[in-house]
Amino acid sequence: SSPDSDGMTPELEKAGLLNKTKIAEGGRKLRKNWNPSWVVLVGNSLMFFKDPKTQNSDSWKPGNSCPESSVDLRGAQLQWANELSSKKNVFKLRTITGNEFLLQSDADTVIIEWYSTIQKVISRLDKE
Ligand code: I3P
């Protein structure tokens with residue numbers, strides 16, 4: 001049988017390395033601090049892990065450790081936000097609780113795929 005024969009394990013949608021900064025917490029503006037982050041989209045959650053390159057061992061792998069932070073995509077909003085940074089290929093993710101993140105990649109195809117995959121999950125949750 002498949003590893004998820006009970007249907008209870010949420011599906012891994014996407015994982016990869018992006019540059020990340022949190023710019024607001026509960027609607028309150030924060031100072032930018034860009035860092036590479038291992039981003040994992042599973043089910044309705046976007047999880048941020050430490051950049052594997054800055055760690056030895058496999059402790060960053062999902063399931064092997066807690067994410068540094070995790071975002072519930074239900075009710076979240078996504079928009080391109082190149083005006084919010086000097087970097088290219090930036091989008092903003094705003095959670096229902098007023099936390100705001102910028103995510104960025106120098107690679108056009110990488111950031112476009114992340115944008116559309118996250119947007120697909122948000123749209124699916126909006127319809128539920
Ligand atoms: C910030 C840092 C960020 C930059 C931000 C600066 O300075 O250089 O990388 O954001 O620009 O304020 P500091 O390290 O002194 O906090 P971008 O790379 O996204 O442009 P901003 O203030 O215009 O957002």
Side-chain angles (χ1 to χ4, degrees):
S1 66
S2 78
D4 185 29
S5 52
D6 60 0
M8 295 296 285
T9 308
E11 198 178 334
L12 172 67
E13 310 260 8
K14 196 168 175 56
L17 199 62
L18 292 176
N19 292 314
K20 184 199 85 171
T21 182
K22 192 173 187 178
I23 59 165
E25 166 86 43
R28 213 179 114 260
K29 202 169 176 259
L30 297 174
R31 184 166 178 182
K32 270 184 189 165
N33 180 23
W34 284 102
N35 280 117
S37 179
W38 184 258
V39 185
V40 179
L41 179 54
V42 179
N44 306 343
S45 296
L46 195 64
M47 297 185 290
F48 302 116
F49 293 80
K50 278 204 172 124
D51 176 3
K53 284 199 282 291
T54 67
Q55 304 206 141
N56 34 30
S57 88
D58 290 336
S59 59
W60 55 270
K61 282 181 182 166
N64 290 3
S65 74
C66 285
E68 291 195 298
S69 60
S70 175
V71 166
D72 181 4
L73 292 176
R74 192 178 294 274
Q77 293 176 319
L78 198 63
Q79 60 188 96
W80 291 107
N82 286 310
E83 76 284 1
L84 294 183
S85 176
S86 60
K87 301 180 196 302
K88 67 171 197 171
N89 296 340
V90 175
F91 64 71
K92 182 172 85 174
L93 177 66
R94 186 187 191 282
T95 68
I96 206 164
T97 55
N99 295 342
E100 295 183 355
F101 301 86
L102 299 183
L103 294 168
Q104 187 269 344
S105 170
D106 287 337
D108 299 1
T109 52
V110 168
I111 203 70
I112 288 167
E113 281 179 18
W114 270 105
Y115 185 94
S116 67
T117 307
I118 294 171
Q119 187 55 62
K120 234 183 284 170
V121 172
I122 292 172
S123 301
R124 168 175 43 84
L125 292 169
D126 282 347
K127 283 182 213 117
E128 278 181 13

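Along the sequence shown, residues are numbered consecutively beginning with 1. Both ligands and their constituent atoms are indexed starting at 1 by order of listing.
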Peer 1: Compute both the distance and the angle, then confirm whether Lys87 meets the cation-pi test with Trp34: under 6.0 Å from the six-membered ring centre, within 45 degrees of the axis.
Peer 2: yes
Peer 1: If you count the atoms of ligand 1 from 1 in the order shown, which ones are under 4.0 Å from a heavy atom of Ser86?
Peer 2: 17 (P), 18 (O), 19 (O), 20 (O)
Peer 1: Give a yes/no verdict on a cation-pi contact between Lys20 and Phe48, requiring under 6.0 Å between NZ or CZ and the six-membered ring centre and an angle within 45° of the axis.
Peer 2: yes
Peer 1: Please work out which of the three classes, parallel, tilted or perpendicular, describes the rings of Tyr115 and Trp80, given edges at 30° and 60°.
Peer 2: parallel
Peer 1: Considering heavy atoms of the protein only, find what lies nearest to atom 9 (O) of ligand 1 and give residue, atom and distance to 0.1 Å.
Peer 2: Trp34 CD1, 3.5 Å
Peer 1: Answer with yes or no whether the side chains of Asn89 and Asp108 bring together a donor and an acceptor at under 3.5 Å.
Peer 2: yes
Peer 1: Is the closest side-chain donor-acceptor distance between Ser123 and Gln119 under 3.5 Å?
Peer 2: yes
Peer 1: Under 4.0 Å from atom 7 (O) of ligand 1, do we find at least one protein heavy atom?
Peer 2: no
Peer 1: Could you check whether any side-chain heavy atom of Lys22 comes within less than 4.5 Å of a side-chain heavy atom of Leu102, counting everything from C-beta outward?
Peer 2: no
Peer 1: Which atoms from ligand 1 have a heavy atom of Lys87 less than 4.0 Å away?
Peer 2: 18 (O)
Peer 1: Distance to 0.1 Å, residue and atom name: give those for the protein heavy atom nearest to atom 23 (O) of ligand 1.
Peer 2: Lys32 NZ, 4.4 Å
Peer 1: Within the structure, does at least one protein heavy atom fall under 4.0 Å of atom 18 (O) of ligand 1?
Peer 2: yes
Peer 1: Which protein non-hydrogen atom lies closest to atom 13 (P) of ligand 1, naming both residue and atom, and how far is it?
Peer 2: Arg31 NH2, 3.6 Å
